[in-house]
Peer 1: 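My questions will all concern the structure given below.
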There are 2 protein chains.
Amino acid sequence: MDDTDRALLTLLQDDAGQAYAALGKAVGLSTAAAHERVRKLRERGVVRRTTVEVDPRSLGLGVLAFVMVESSAWMGDSAEAFAAIPEIEEAHIIAGSASVLVKVRTATTEQLQDVLRRLYAIDGVSGTQATVALETFFERPPSPTS
Amino acid sequence: MDDTDRALLTLLQDDAGQAYAALGKAVGLSTAAAHERVRKLRERGVVRRTTVEVDPRSLGLGVLAFVMVESSAWMGDSAEAFAAIPEIEEAHIIAGSASVLVKVRTATTEQLQDVLRRLYAIDGVSGTQATVALETFFERPPSPTS
DNA sequence: TGTGAAATATTGATCGG
DNA sequence: CCGATCAATATTTCACA
């Protein structure tokens, strides 16, 4: 993981479909070398997968909320219960008063309410505190150069 | 945006590198038809870009935190100020007591503290409340089928 | 590890029906 | 939307530094 790898990652984050020749030229390597670098980055798991970034609004998902989930029990083994709710994009165990922080996207606030209902149905969940996002400034991938 | 489009999006989210022939077969279309569908999804902006998913830990970014940023002024025009901090992955204006919610990834808690310092330097910011993630259950793209 | 080059296989991209 | 075509690219391989 040197600076060249980080540069390649940044380029791939911007456009994963570009030719290896272009990648190589941008970082000062030959096509074959760039290819080999990227192959190893995938092999090591640094690059998890190539995916597409989908506009949530185009899917009708206009409501974004972060929900602090309070619990009365250890939540460390509840990953599947949260993953079973498709509207949840992220779930993290957090330090502090709440136990789990989830990121939720729905079409309407009624559907958000329904997600809260399903959260309450998870074993150990004792409360929720939802915060609705009014506007998203930006959402971007982690910066390899920080 | 019918069910076929949503199916294509799900397939592309899982692997954007697969051949159009495979995509077409999976949804019951010819190669050319699948190609055309995806082209239009890009054209419409439903698919923003093809990118790679990078493992944050491989970049040395082992600390994840969500920071509630309180302010004493209107923050609606401060997108660039937040974007100028590379450790910030997301920034949203939120309803509630705080004004902005940001997602931050750093290598160490010291660097997280430094991000907080830079947040305070933004005009109008009057306070921060950071919540550190102890474990990430999952992070996944928005589900086209919800 | 990297370079340059060459070969093949696969795929992206386009067009007529 | 389909089938077929053609150009571009990925992928693999090689000898060599």
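To find a chain, count down the sequence lines: A is the first, B the second, and so on, and within it residues start at 1. Keep in mind that this is a model prediction, so the values were computed, not measured.
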Peer 1: Flag the pair A/D14 and A/R140 as a salt bridge only when some basic side-chain nitrogen lies within less than 4.0 angstrom of an acidic carboxylate oxygen.
Peer 2: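 No, no charged N to carboxylate O under 4.0 Å.
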Peer 1: The side chain of B/A33 lies closest to which of these nucleotides: D/dC1, D/dA4, C/dG12?
Peer 2: D/dC1
Peer 1: What's the CG-C1' distance between B/L8 and D/dC1, to the nearest Å?
Peer 2: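 Taking CG of B/L8 and C1' of D/dC1, I get 14 Å after rounding.
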Peer 1: When the distance from OH of A/Y20 to P of C/dA6 is rounded to whole Å, what number comes out?
Peer 2: 22 Å
Peer 1: Salt bridge or not between B/K103 and A/E139? Use side-chain N to carboxylate O under 4.0 Å.
Peer 2: no
Peer 1: Please say which of A/S99, A/S126, A/S78 ends up in a side chain to side chain donor-acceptor pair (under 3.5 Å) with A/S71.
Peer 2: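 That would be A/S99; it is the only one of A/S99, A/S126, A/S78 passing the side chain to side chain donor-acceptor pair (under 3.5 Å) with A/S71.
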Peer 1: Of the candidate nucleotides D/dC2, C/dA13, C/dT3, which contains the atom at the shortest distance from the side chain of A/S30?
Peer 2: C/dT3
Peer 1: Starting at atom CD of B/E36, determine the distance to atom C1' of D/dC2, rounded to an integer number of angstrom.
Peer 2: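 Rounded to whole Å, this separation is 12 Å.
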Peer 1: If you check every side-chain atom of A/H35, which of D/dT12, C/dT11, C/dT14 has the closest atom?
Peer 2: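 Per side-chain heavy atoms of A/H35, the pick is D/dT12.
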Peer 1: Between atom CG in A/D15 and atom P in D/dT9, what is the gap in whole Å?
Peer 2: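 It works out to 12 Å between those atoms.
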Peer 1: Please state how far atom CZ in B/R39 lies from atom P in C/dA13, giving the value in whole angstrom units.
Peer 2: 11 Å
Peer 1: Would you mind telling me which of D/dC1, C/dT3, C/dT14 lies closest to the side-chain atoms of B/L29?
Peer 2: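 Of the options given, the side chain of B/L29 lies nearest D/dC1.
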Peer 1: Between B/D2 and B/R37, is a salt bridge (charged side-chain N to carboxylate O under 4.0 Å, His left out) present by the stated rule, with each step listed?
Peer 2: CA-CA 11 Å; B/D2 57 5; B/R37 289 261 193 169; 2.8 Å; yes
Peer 1: May I have the distance from A/M1 (atom CE) to C/dT1 (atom P), rounded to whole angstrom?
Peer 2: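 From A/M1 CE to C/dT1 P: 14 Å.
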Peer 1: Mind calculating the distance between CG (B/L23) and C1' (D/dC1) to the nearest angstrom?
Peer 2: 16 Å
Peer 1: Taking CD from A/Q18 and P from D/dA8, how many angstroms apart are they, rounded to a whole number?
Peer 2: 18 Å
